[in-house]
Amino acid sequence: MADDVTGGDLYVLWRVGEVHLPRIADVFYDANRMLGGNASGSTSRAFRPNEAAYPGSSFLTSSVGAAWEELRVEMQLMMEQLGTTVLDTGRGVMNAAHAFEEADQANADLLNDYLRDPANHNADDPLANQPAGWATDYPGMPYGSWATTPADQQGEKP
């Protein structure tokens, strides 16, 4: 099997695991952060209390606002789980690539040669490489998870 693996094959795995999947996770994490930001009070203006909490009560509530809050929390959690699953998939793809590299040093060298060759890989193109920590397409962390980054969780410096 290792004889059939080329540097180009490992490059495809590298691109999927390190370039494409983190950008896909970023979409879900952005949605998560946007939904989390809505918890800051902007929805309270959108769903003003306009009906009595119970008949005869002077305390007003918003049934739409309460329903939106439950939906918002559920959607926020769903976006976090999807983004994390995509990042985990990227780690799995990279584990497969590293397994090929460990099993066959010649193939590992092929990948490195492939990455160094400007005809195959443009190291200066941001879209052809991993998203940088400062870039808008860097996944970051979901809303409320500011203590760590995905790189911290992998034991790497961000």
Side-chain angles (χ1 to χ4, degrees), residues 1-47 65 67-158:
M1 174 71 181
D3 294 337
D4 298 337
V5 177
T6 66
D9 296 329
L10 293 174
Y11 177 71
V12 169
L13 291 176
W14 177 84
R15 290 265 305 171
V16 168
E18 292 288 328
V19 178
H20 298 304
L21 289 175
R23 285 186 169 91
I24 293 169
D26 175 59
V27 172
F28 292 112
Y29 279 178
D30 283 350
N32 166 275
R33 288 186 287 264
M34 182 193 71
L35 288 164
N38 278 335
S40 64
S42 62
T43 55
S44 65
R45 290 187 301 274
F47 303 114
W68 162 247
E69 182 61 20
E70 287 181 34
L71 177 62
R72 184 197 65 76
V73 168
E74 191 63 33
M75 288 173 53
Q76 183 182 0
L77 179 61
M78 180 177 64
M79 293 297 126
E80 177 181 355
Q81 290 172 341
L82 286 167
T84 301
T85 299
V86 170
L87 286 178
D88 288 345
T89 302
R91 286 187 205 102
V93 168
M94 289 310 300
N95 287 341
H98 293 310
F100 278 115
E101 290 175 352
E102 290 173 8
D104 187 351
Q105 186 59 45
N107 282 334
D109 293 339
L110 284 174
L111 174 61
N112 292 327
D113 293 342
Y114 201 92
L115 286 170
R116 281 191 292 269
D117 186 352
N120 297 322
H121 176 73
N122 183 354
D124 296 326
D125 181 4
L127 295 178
N129 293 285
Q130 302 101 320
W134 50 263
T136 58
D137 57 357
Y138 181 72
M141 290 301 294
Y143 184 80
S145 302
W146 309 118
T148 61
T149 66
D152 293 335
Q153 294 170 1
Q154 295 175 21
E156 303 168 4
K157 292 183 179 178

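Just so you know, residue 1 is the first one in the sequence shown, and it goes up from there.
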Shortest non-hydrogen separation from [X] to [Y] and the atoms involved:
| X | Y | answer |
| --- | --- | --- |
| Glu18 | Pro131 | O-CD, 3.6 Å |
| Pro22 | Pro139 | O-CG, 3.2 Å |
| Met94 | Leu13 | SD-O, 4.0 Å |

Output every pair passing salt bridge (Lys or Arg N to Asp or Glu O under 4.0 Å) with a member in residues 110-120, not counting sequence neighbours, ordered by first then second residue.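 Matches after skipping sequence neighbours: Asp113-Arg116.
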Are Leu115 and Asn120 side-chain neighbours, meaning at least one heavy-atom pair lies under 4.5 Å?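 No - every pair of side-chain heavy atoms lies 4.5 Å or more apart.
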I want to check something: taking the side chain as every heavy atom from C-beta on, are Leu87 and Thr84 in contact at a cut-off of under 4.5 Å?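 Of all side-chain heavy-atom pairs linking Thr84 with Leu87, none is under 4.5 Å.
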Partners passing side-chain hydrogen bond (donor to acceptor under 3.5 Å, both in side chains) against Asn95 (at least two apart in sequence or in another chain):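 For Asn95, no residue satisfies side-chain hydrogen bond (donor to acceptor under 3.5 Å, both in side chains) once neighbours in sequence are set aside.
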Asp30: which residues meet the side-chain hydrogen bond (donor to acceptor under 3.5 Å, both in side chains) condition with it, sequence neighbours left out?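 Partners of Asp30 under the side-chain hydrogen bond (donor to acceptor under 3.5 Å, both in side chains) test: Arg33.
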If we check side-chain hydrogen bond (donor to acceptor under 3.5 Å, both in side chains) with Gln76, which of these qualifies: Glu80, Glu74, Arg72?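 Among Glu80, Glu74, Arg72, the one that satisfies the side-chain hydrogen bond (donor to acceptor under 3.5 Å, both in side chains) with Gln76 is Arg72.
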Side chain to side chain contact (heavy atoms under 4.5 Å, CB included) partners of Asp125, counting only residues at least two apart: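 In terms of side chain to side chain contact (heavy atoms under 4.5 Å, CB included), with neighbours along the sequence ignored, Asp125 is linked to Asn122, Leu127, Ala128.
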Which residues share a salt bridge (charged side-chain N to carboxylate O under 4.0 Å, His left out) with Asp88, sequence neighbours left out: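 Residues passing salt bridge (charged side-chain N to carboxylate O under 4.0 Å, His left out) with Asp88: Arg91.
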With His121 via ring pair (Phe, Tyr, Trp, His ring centres under 6.0 Å) - residues at least two apart: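 His121 satisfies ring pair (Phe, Tyr, Trp, His ring centres under 6.0 Å) with Tyr11, Trp14 only.
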Quick one: CD1 on Ile24 to CG on Leu82, what's the gap to the nearest 0.5 Å?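 One finds 11.5 Å between CD1 of Ile24 and CG of Leu82.
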